[in-house]
Amino acid sequence: MKEIKLTTIFFEYQSLSELSVKDQELMQAAIDIRKKAYAPYSKFRVGAAILLEDGTVVVGSNQENAAFPSGLCAERTAIFYAGATHPHVAIVTIAISASSDVKTTTTPIPPCGACRQAILEYEDKQAQPIRMLFMGAEGPIIESPSLINILPFHFDKNSL
């Protein structure tokens with residue numbers, strides 16, 4: 001038997017004001033689009049804002065459907081749109097904000113497993129990390145320097 005130790009490093013900001021102005025603007029875009037999410041079933045709204053290498057910001061919100069699982073998460077809505085409209089422009093940062101219509105979310109909400117896998121595909125495709133910022137409706141913000149940081153054992157094209 002061999003022991004495998006993994007170390008991940010995250011950065012925690014106590015409020016939006018601790019972020020750089022550029023990151024504050026990106027997170028505000030995620031918050032703004034989160035409010036436009038279509039979430040009549042879960043009452044859980046998520047917004048994602050993606051900063052591309054050329055300075056373009058692409059946004060997406062979760063879109064639910066009565067025929068589960070026909071809806072789509074905010075992160076995949078945004079990243080697929082970025083991939084479709086800017087296929088040769090690298091993704092630098094993705095900011096995610098999540099809230100509930102039922103209770104106040106005060107802890108950072110990371111992407112779900114399916115979204116992590118989708119983000120991984122783009123990180124692998126562009127051969128450079130995608131920095132991630134995520135938060136609840138209020139409270140601290142977590143920064144991860146890459147998707148691999150939150151998904152160390154992953155399935156990618158090399159697994160095929």
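What you see below is based on every heavy atom in this structure, not just the backbone, and it leaves out hydrogens, waters and symmetry mates.
Between Gln117 atom CD and Cys115 atom SG the span is 11.0 Å, to the nearest 0.5 Å. For the atom pair Ser42 OG and Glu64 CD, the distance stands at 3.5 Å (nearest 0.5 Å). Note: Ile96 CD1 to Ile109 CD1 = 10.5 Å, rounded to the nearest 0.5 Å. Interatomic distance, CG of Leu51 versus CG of Leu26, reported as 5.5 Å (0.5 Å rounding). Distance check: Ile33 CD1 to Arg45 CZ gives 11.5 Å after rounding to the nearest 0.5 Å.
With no hydrogens or angles considered, a side-chain donor-acceptor pair links Asn149 and Ser144 at under 3.5 Å.
Other residues sharing a hydrophobic cluster with Met1 under the 4.5 Å side-chain heavy-atom criterion for ILVMFWY residues do not exist; the residue is a singleton. Cluster partners of Leu160 are Phe155, counting Ile, Leu, Val, Met, Phe, Trp and Tyr whose side-chain heavy atoms approach within less than 4.5 Å, directly or via other members. Clustering of Ile, Leu, Val, Met, Phe, Trp and Tyr by side-chain heavy atoms under 4.5 Å joins Met135 with Ile9, Phe11, Tyr13, Leu16, Leu19, Met27, Ile31, Leu133, Ile141. The hydrophobic side chain of Val102 is isolated, with no ILVMFWY side chain under 4.5 Å apart from it.
For residues 20-44, the pairs satisfying salt bridge (Lys or Arg N to Asp or Glu O under 4.0 Å) are Asp23-Arg131, with sequence neighbours left out. Identified under the ring-ring contact (aromatic ring centres under 6.0 Å, His included) test for residues 118-154, with sequence neighbours left out: none. For residues 151-160, every residue pair satisfying the salt bridge (Lys or Arg N to Asp or Glu O under 4.0 Å) rule, not counting sequence neighbours, is listed here: Asp124-Lys157. Listed by first then second residue, pairs satisfying ring-ring contact (aromatic ring centres under 6.0 Å, His included) with a partner in residues 53-89 read Tyr41-Phe68, not counting sequence neighbours.
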Please tabulate, for the side chains in residues 69-77, all donor-acceptor contacts under 3.5 angstrom to protein atoms that are two or more places apart in sequence or on a different chain.
unit_1, atom_1, unit_2, atom_2, d
Ser70, OG, Ala67, O, 2.7
Thr77, OG1, Cys73, O, 2.8

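Under the side chain to side chain contact (heavy atoms under 4.5 Å, CB included) criterion, Glu123 pairs with Pro129, Ile130, Ser146, Leu147, Ile148, sequence neighbours left out. Applying the side chain to side chain contact (heavy atoms under 4.5 Å, CB included) criterion to Pro87, with sequence neighbours excluded, gives no partner residue. Residues that satisfy the side chain to side chain contact (heavy atoms under 4.5 Å, CB included) test with Thr104, not counting sequence neighbours, are Thr106, Glu138.
The environment of Gln126 atom CD is dense: over 12 non-hydrogen atoms of other residues, nucleotides or ligands sit within 6.0 angstrom.
Under a hydrophobic clustering in which Ile, Leu, Val, Met, Phe, Trp and Tyr are joined whenever their side-chain heavy atoms come within less than 4.5 Å, directly or via other members, Met132 and Phe10 fall into the same cluster. Hydrophobic clustering (side-chain heavy atoms under 4.5 Å, transitive across Ile, Leu, Val, Met, Phe, Trp, Tyr) groups Val89 together with Ile94. Ile119 and Val59 fall into different hydrophobic clusters, defined by Ile, Leu, Val, Met, Phe, Trp and Tyr side-chain heavy atoms under 4.5 Å apart, directly or through other members.
The minimum heavy-atom distance between Thr105 and Ser99, with the atom names listed, is OG1-CA, 3.3 Å. Here the closest non-hydrogen pair linking Arg116 and Pro111 is NE-O, 2.8 Å. Contact between Ala95 and Ala30 at its shortest, heavy atoms only, is O-CB, 3.5 Å.
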Determine whether Val57 and Leu52 satisfy the following criterion, side-chain contact (heavy atoms from CB on, under 4.5 Å), listing intermediate values before the conclusion. CA-CA 6 Å; Val57 174; Leu52 301 178; over 6 Å; no
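When atom types are taken as modelled, the side chain of Gln28 and the backbone of Gln24 share no donor-acceptor pair closer than 3.5 angstrom.
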